[in-house]
Amino acid sequence: MITSMWSVDKNVDKDFDYPQIKKAAQLLRDGNTVAFPTETVYGLGADATSDQAVQGIFNAKGRPSDNPLIVHISSASQLTELVLHVDHTAKALIEHFWPGPLTLIFKKKPGVFSEMVTAGLDTVGIRMPNHPVALAVIEEAGKPVAAPSANRSGKPSPTSAQHVYHDLNGRIAAIIDGGETGVGVESTVLDCTVTPPMILRPGGVSAEEIRDWIGEVVVDPSLEDWDEKPKSPGMKYTHYAPTAPLFVTKGSHQWLQETIAAYQQDGKKVGLLAPIETINHIKADFLVACGTEDDLSTTAHSLYESIRAFDEEAVDIILAQSVELRGIGVAIMNRLVKAAGHKWLIEHQDDRSL
Ligand code: TXA
Ligand code: MG
């Protein structure tokens, strides 16, 4: 398959006729897969009502079929045709956070979606992305668009069209290049079918922000205790992983430098991924500065690009410094721990905070 690549200005005017958007929408209506930017990461879209179209997503990504997809819409008014009930809590969340990085789980209307979208569940995850290009494509397609992150399954999510091209060239019909994404980690997944609502995946909207708006919110216990089976099907897979083994670290700069030196004495090339404050103090074979500790949104923004950078370098081991578990730091730590396959290196053994 030849993959077309089209550029569209990020500030696309929704009412203006862009030929790239029209072509992409036509491809979607015809049952093809198209990658497009959202405010979180690039998505790989397909018509959520068509089995054949959705199968195309699973084929291109190599994604396990028991991992449901998020459905993207361009207007909250579409919800009534897609789900059974939107209660007042969900309404309040939609009014405040949509368009934005918050996916809400509802009971689905039967017979609307391809069964593959929901992996046979009676619920569906829906979000309205805050990105003019995504909204224009979805609206023009006139269909709900299923869209997981546009990476090969298991790899870090793409935050630029080049990442999508690297992973999926020849496997999908088209890529719309709208530049770098903003948030950098995926949407928060919140189950609205339970009371109080439960966070199934931490993401672009923090638990604190949701609580400020609707009061009580709980977090899936498996996110804090890795021995429990996650409620959200996709959360059990190793994800976001670079080629070299990655360890999450927690400890002082001095301990970290000694740990790196010990690996180097064993003949290993060591890569370090950390906020700039740490990078400035540590020596390793390959250093990747990922945002600042002061503003973790900058760390989230460049997290996946930073993890991908190690695949271009011949390092034997990657150490990734943990960040504080507050705000978007919870999503960053969730992704790092998954990229590490839960491998930690900790200075003080009782200090593991996940
Ligand atoms: O930011 C995002 O959400 C990105 C962009 C492209 O919009 N999309 C994304 O989709 O991350 P995906 O398919 O990679 O994430 C889907 C995850 C599943 O692995 C699962 O954890 C959760 O969303 N999910 C989807 N439907 C669900 C359902 N019915 N019940 C529980 N969890 C669900
Ligand atoms: Mg994904």
Side-chain angles (χ1 to χ4, degrees), residues 33-46 48 54 57-58 60-74 82-83 97-108 113-131 133-135 137-138 144-159 163-164 167-168 176 178 181-194 197-205 220 222-223 229-241 300 304 328 331 334-335 338-339:
T33 49
V34 176
F36 57 83
T38 80
E39 81 281 33
T40 57
V41 300
Y42 272 72
L44 179 61
V54 174
I57 292 178
F58 284 92
K61 286 187 55 109
R63 181 177 173 110
S65 61
D66 65 346
N67 191 359
L69 307 177
I70 291 170
V71 173
H72 295 62
I73 57 177
S74 56
L82 308 177
V83 307
F97 291 105
W98 281 11
L102 179 65
T103 294
L104 301 176
I105 307 289
F106 299 97
K107 293 266 184 220
K108 70 176 182 186
F113 300 108
S114 159
E115 281 295 314
M116 270 180 286
V117 168
T118 54
L121 301 170
D122 62 357
T123 54
V124 61
I126 300 192
R127 87 177 190 100
M128 180 177 169
N130 187 15
H131 195 295
V133 174
L135 292 172
V137 172
I138 299 162
V145 175
S149 49
N151 51 282
R152 286 284 285 169
S153 199
K155 285 286 154 194
S157 300
T159 53
H163 298 161
V164 181
D167 279 17
L168 298 177
I176 306 181
T181 59
V183 179
V185 293
E186 297 83 346
S187 61
T188 302
V189 176
L190 184 72
D191 188 351
C192 293
T193 68
V194 293
M198 180 184 279
I199 293 179
L200 303 183
R201 176 177 79 177
V205 174
D220 177 357
S222 74
L223 295 174
K229 188 173 176 293
K231 294 224 167 22
S232 189
M235 295 304 285
K236 66 175 182 283
Y237 294 105
T238 301
H239 263 124
Y240 320 116
Y304 292 137
I328 201 157
N334 172 269
R335 307 311 191 267
K338 291 183 78 178

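These numbers were taken from a predicted model, which means no experiment stands behind them. Atoms within a ligand are numbered from 1 in the order they appear, just like the ligands themselves.
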**Report entry** Ligand-residue contact atoms, ligand 1 with I105, heavy atoms, under 4.0 Å
**Finding:** 27 (C), 28 (C), 30 (N), 31 (C), 32 (N), 33 (C)
Query raised in the report: Mind checking what makes ring pair (Phe, Tyr, Trp, His ring centres under 6.0 Å) contact with F113, not counting sequence neighbours?
Result: none
Query raised in the report: Does a salt bridge link E39 with R127, judged by any charged N lying under 4.0 Å from a carboxylate O?
Result: yes
Query raised in the report: Numbering the atoms of ligand 1 from 1, which are under 4.0 Å from a heavy atom of N67?
Result: 18 (C), 19 (O)
Report task. Kindly confirm or rule out an N or O of E186 lying under 3.5 angstrom from an N or O of ligand 1. Result -> no
Report task. Please identify which atoms of ligand 1 are closer than 4.0 Å to at least one heavy atom of G43. Result -> 6 (C)
Report task. Answer yes or no as to whether an N/O/S atom of S153 is found below 2.8 Å from the Mg ion (ligand 2). Result -> no
Query raised in the report: Is P129 near ligand 1, meaning one of its heavy atoms is under 4.0 Å from it?
Result: no
Report summary line: Quick note on ligand 1: atoms under 4.0 Å from a heavy atom of A147 include exactly 6 (C), 8 (N), 10 (O)
Report task. Kindly say whether T40 contributes a backbone atom to a donor-acceptor pair with the side chain of T181 at under 3.5 angstrom? Result -> yes
Query raised in the report: So which bit of S187 gets within less than 4.0 Å of ligand 1, heavy atoms only: side chain, backbone, both or neither?
Result: both
Report task. Could you list the atoms of ligand 1 found under 4.0 angstrom from a heavy atom of L121? Result -> 28 (C), 29 (N), 30 (N)
Query raised in the report: Just wondering, do W98 and I126 contact through their side chains at under 4.5 Å, heavy atoms?
Result: yes
Report task. Answer yes or no: does an N/O atom from T38 fall short of 3.5 Å to an N/O atom of ligand 1? Result -> no
**Report entry** pair R63-L69: side-chain heavy atoms closer than 4.5 Å
**Finding:** yes
Query raised in the report: Are the side chain of K61 and the backbone of N151 linked by a donor-acceptor contact shorter than 3.5 Å?
Result: yes
Query raised in the report: Which of the atoms of ligand 1 are close to T123, meaning less than 4.0 Å from one of its heavy atoms?
Result: 28 (C), 29 (N), 30 (N)
Report summary line: Taking only non-hydrogen atoms of R127 and a 4.0 Å limit, the atoms of ligand 1 in range are 1 (O), 2 (C), 3 (O), 5 (C), 7 (O)
Report task. Determine whether the side chains of S157 and E186 contain a donor N or O and an acceptor N or O closer than 3.5 Å. Result -> yes
Query raised in the report: Which of these passes side chain to side chain contact (heavy atoms under 4.5 Å, CB included) with D191: I199, L200, L104?
Result: L200
Query raised in the report: Does T118 have a heavy atom less than 4.0 Å from any atom of ligand 1?
Result: no
Query - Non-neighbouring partners of T123 that pass side chain to side chain donor-acceptor pair (under 3.5 Å), sequence neighbours left out - result: none
Query raised in the report: Which atoms of ligand 1 have any heavy atom of R63 under 4.0 Å away?
Result: 12 (P), 13 (O), 14 (O), 16 (C), 19 (O)
Query raised in the report: Under a 4.0 Å heavy-atom limit, does D191 contact ligand 1 with its side chain, its backbone, both, or neither?
Result: neither
Query raised in the report: Can you check whether M116's main-chain N or O pairs, donor with acceptor, with S114's side chain at less than 3.5 Å?
Result: yes
Report task. Would you check whether S149 reaches within less than 4.0 Å of ligand 1, judged by its heavy atoms? Result -> yes
